[in-house]
Amino acid sequence: MFINILKSTDKRPGLNPPLIVNMAITVIALGFLFLFVIMPLIIVLKEAFSAGLSLWWASISEKDALAALRLTLLVAAIAVPVNLVFGLAASWALAKFRFKGKSLIITLIDLPFAVSPVVSGLIYVLLFGLHGWFGPWLAEHDLQIIFAVPGIVLATVFVTFPFVARELIPLMSEQGTDEEQAALSLGASGWQTFRRVTLPNIKWGLMYGIILCNARAMGEFGAVSVVSGHIRGETNTLPLQVEVLYNEYNFVAAFAVASLLAGLALVTLALKSIVEWKSKHD
Amino acid sequence: MNKIKQYVLTVILILFSGIPFPANAVETDEILNVSYDPTRELYRDYNELFAQYWEKETGRKVNIRQSHGGSGKQARAVIDGLKADVVTLALAYDIDEISAQSKLIPPNWQQNLPRNSSPYTSTIVFLVRKGNPKGIKDWNDLIKPGVEVITPNPKTSGGARWNYLAAWGYVLNRELGDLKKINNPENAAEVNAAEKKAQEFIAELYKHVPVLDSGARGATTTFAQRGIGDVLLAWENEAFLSINQLGADKFDIVVPPISILAEPPVAVVDKVVDKRGTRKIAEAYLKYLYSPEAQRLAARHFYRPAYPEKADPADIARFAKTKLFTIDEVFGGWRKAQKAHFFDGGIFDRIYQPGYK
Amino acid sequence: MSFRFKESSVLPGFGLSLGYTLLYLGLIVLLPLSALVFKSSELGFSGFFKTILDPRVLASFKLTFGASLIAAAVNVVFGTIVAWFLVRIRFPGKRLIDAIVDLPFALPTAVSGITLAMLYSPNGKLGIFLQSIGIKVAFTQLGITIALIFIGLPFVIRTVQPALEEMDRELEEAASSLGASRTQTLTKVILPLLLPPIITGFTLAFARAVGEYGSVIFIAGNMPMKTEITSLLIITKLEQYDYAGATAIAVAMLLVSLAMILLINLFQSWSGKHSGR
């Protein structure tokens with residue numbers, strides 16, 4: 001078993017670097033991850049469990065934390081599917097066809113990333129705030145968008161908007177259209193072609209897109225903070241709850257909730273591993 | 001496939017159950033108190049106290065929803081449509097802005113309740129490392145060589161503005177000997193000279209600041225957890241709280257001989273309570289803050305109560321006697337102070353301008 | 001070559017998918033952003049430029065874009081290596097390592113900032129060590145760059161990884177059976193195929209870094225002219241209830257990012273065309 005360590009995963013001829021190069025790659029990769037990901041993770045976990053398991057459990061099963069958890073899951077459950085559908089449509093249009101202005105559209109899709117989270121919140125205030133474009137109309141009809149759940153969902157959709165699309169576009173352009181053309185010429189319908197040919201080809205990219213989108217949807221802080229209103233037990237998402245606890249000098253609870261958030265995001269990755277394992281064994 | 005559908009349906013049901021939409025929910029008495037960061041502990045206790053009182057008085061249950069954040073950010077949220085019944089913020093300027101920008105509160109709001117609508121006050125003190133190794137006693141010690149001062153950015157933090165103004169007032173008092181001279185036109189030249197000195201002092205002071213956190217609690221963390229700096233400028237109640245929470249064996253409080261009287265004000269948001277029909281309870285909520293029970297509670301949470309005689313003498317004894325000046329007597333009110341010092345191009349910006357000596 | 005809007009294709013669904021894309025893009029991105037631009041126009045032409053050409057704002061632009069470029073470049077190099085490691089090398093516990101790569105997204109930015117500050121502050125685990133060899137990280141520009149590397153880390157890895165996984169192994173086989181050396185296979189076959197996802201990852205990491213606020217603020221120190229990022233200046237304006245000023249800086253920042261990303265994307269589609277795809 002250990003004989004295989006550091007060997008290339010694929011034994012077919014090709015670029016199989018010598019062991020020493022693999023070793024160097026492994027050392028660099030692990031060193032980089034250790035410094036930037038593992039150390040911070042250790043700190044979060046250490047702080048979260050520093051007062052024992054029971055206090056950790058008490059922190060995350062506390063009333064406000066549970067309300068925040070439910071809100072976070074709700075927001076992710078709306079934002080991720082919405083952006084998934086968009087991502088599929090956008091990558092189909094942008095990767096499978098050639099037309100003028102494509103780069104511009106891709107750039108516009110990237111744009112939400114470059115917008116500071118604070119500004120992503122602010123734009124919805126400018127739209128739906130009391131003095132915003134639609135504010136007076138909303139107030140007249142007693143509708144609340146910002147400082148309530150709809151505003152939080154909108155801000156989250158905005159910040160996670162590009163993920164799925166941006167994962168799929170380069171992948172689909174790389175794959176080209178030959179397989180789809182073949183399927184169509186064999187008489188498959190457009191929908192069948194998409195489902196049977198395109199979708200299997202992009203499944204990993206799609207999976208990563210969903211994972212990233214979901215992780216970010218649950219972890220978003222800045223934009224949500226602007227439109228939330230911070231009402232305890234109502235409009236606080238998990239990240240905002242972390243801030244609340246931290247500001248109360250309740251460091252253990254703050255990191256406990258943070259560790260929960262990290263765990264939640266990793267659930268999607270566990271799902272990916274299961275799918276991967278199943279597809280290998282089928 | 002059917003199983004999956006069932007599963008998804010269950011998940012959706014669980015998620016949506018009990019998610020309250022705050023826009024329309026006035027079944028029981030319910031009010032929203034939008035407050036700033038350091039009052040969390042105080043209002044957690046006060047809300048319970050008031051709920052008991054309200055139930056005894058009227059027989060009705062009340063649910064007080066609570067929101068905390070930076071004072072300016074909270075004020076903006078109210079301006080932009082967060083439906084607060086009452087606001088309890090760090091400085092009058094923020095409530096003035098709610099009044100000016102959204103007309104939700106009348107301009108003369110500060111006269112509605114006793115003591116400038118401030119049921120509790122505080123002041124700015126120094127939190128130093130245990131034993132006060134740098135020997136910091138007064139404002140002038142802050143600019144001694146080798147002393148590092150931690151204070152947040154006054155442009156983003158209300159608390160930091162109190163710190164800044166307290167330092168400014170100290171210099172004026174030192175130069176003039178009597179702060180009453182400020183509002184007397186005869187002393188204009190003298191006051192001008194003193195203000196020049198104050199500006200020099202402030203510029204020097206901020207040269208001793210290695211980190212400008214964006215909020216008061218961030219600054220406390222930098223000082224207490226990261227171990228940076230020799231002295232933290234902080235609200236008195238925050239200083240007490242950090243000693244309680246982060247270790248009495250690590251820090252000491254030093255109260256300077258003169259400091260500013262920080263008055264965090266409260267107000268009913270008229271337009272909101274009228275629309276929601278919660279005026280009676282909102283007014284009662286703020287009025288009850290002046291009751292002996294609430295005053296005692298404020299003192300227990302390290303706020304100097306508006307009526308110290310109503311509070312527990314043992315709590316009051318914790319507050320060191322010191323000379324306190326108000327923002328009105330030294331700066332002519334928040335609006336003027338804000339404009340001269342903290343707006344873009346104001347004195348605080350100028351001391352960071354490249355080329356400023 | 002004719003100047004038609006779209007080259008003909010036998011694939012269906014162009015109108016539907018593009019229409020939906022544009023509609024959604026318009027509603028979710030363009031409409032809100034136009035509110036931003038509209039608000040900033042309240043300042044007028046000269047007011048707008050006066051706001052964004054302020055020395056402090058310019059210094060923050062330099063810092064924000066500079067640190068973001070460096071962070072994205074670092075992520076390209078190490079991200080590609082990590083992706084290669086995750087796909088091509090056998091290693092026990094790789095699944096686990098794969099799983100934690102997304103951590104920087106999952107952690108709320110404020111938690112990341114606090115954690116990084118804990119690690120790198122003069123009394124932190126790494127801070128003590130770095131201090132002893134004379135490197136100060138927390139509350140310097142280096143600290144900002146490190147925070148930006150952290151938050152952009154998953155992008156390059158997660159764009160290169162699927163491309164490596166889906167890469168047609170036969171191309172490599174063919175290359176090596178035709179007698180290409182490893183270096184030739186790497187530079188002539190693999191890298192050209194990986195270039196689009198690498199560039200995408202770079203763009204995304206860069207864009208994300210430019211806008212970042214929460215994690216940077218705890219480790220930056222926020223000193224005017226030195227470690228003050230643009231997002232903080234926007235907050236500063238908002239604290240003065242200066243919405244127009246805040247949106248002006250935001251718009252300027254957005255235009256610069258837009259131009260940079262557009263350039264990268266144009267380069268990418270140009271290089272795509274010229275490599276015969």
Can you say whether [X] sits under 4.5 Å from chain A via the side chain, the backbone, both, or neither, judging by heavy atoms?
{"X": "C:L153", "result": "side chain"}
{"X": "C:Y243", "result": "side chain"}
{"X": "C:V87", "result": "backbone"}
{"X": "C:S34", "result": "both"}
{"X": "C:S9", "result": "side chain"}
{"X": "C:L18", "result": "both"}
{"X": "C:L22", "result": "side chain"}
{"X": "C:I146", "result": "both"}
{"X": "C:A175", "result": "neither"}
{"X": "C:I264", "result": "neither"}

Is there any side-chain hydrogen bond (donor to acceptor under 3.5 Å, both in side chains) pair reaching into residues 204-216 of chain C, and which pairs are they, with sequence neighbours excluded?
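Those involving residues 204-216 of chain C are C:R208-C:E212, C:E212-C:S215.
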Provide the closest heavy-atom pair for [X] versus [Y] in the form atom of the first, atom of the second, distance.
{"X": "A:L104", "Y": "C:L262", "value": "CA-CD1, 3.9 Å"}
{"X": "C:S17", "Y": "A:A89", "value": "CB-O, 3.3 Å"}
{"X": "C:P154", "Y": "A:L212", "value": "CB-CD2, 4.3 Å"}
{"X": "C:V29", "Y": "A:P112", "value": "CG2-CG, 3.8 Å"}
{"X": "A:P40", "Y": "C:T115", "value": "O-CG2, 3.5 Å"}
{"X": "C:L107", "Y": "A:A258", "value": "CD2-O, 4.0 Å"}

Considering only heavy atoms from C-beta outward, does the side chain of [X] approach that of [Y] to under 4.5 Å?
{"X": "A:Y208", "Y": "C:E165", "result": "yes"}
{"X": "A:L30", "Y": "C:I97", "result": "yes"}
{"X": "A:W204", "Y": "C:L164", "result": "no"}
{"X": "C:L16", "Y": "A:W92", "result": "no"}

Over 12 non-hydrogen atoms of neighbours within 6.0 angstrom of CZ in A:F134:
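Result for CZ/A:F134: enclosed.
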Could you check whether the rings of A:F32 and C:F78 sit parallel, tilted or perpendicular, using 30° and 60° as the cut-offs?
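Parallel: the ring planes of A:F32 and C:F78 meet at under 30°.
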Ring geometry between C:F155 and A:F163 (parallel below 30°, tilted from 30 to 60°, perpendicular above 60°):
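Correct class here is parallel.
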With sequence neighbours left out, what residues match A:F255 under ring pair (Phe, Tyr, Trp, His ring centres under 6.0 Å)?
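Partners of A:F255 by the ring pair (Phe, Tyr, Trp, His ring centres under 6.0 Å) criterion come out as none, since no residue qualifies.
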So, C:F206 versus A:F113, ring centres under 6.0 angstrom or not?
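Centroid distance C:F206-A:F113: not below 6.0 Å, so no.
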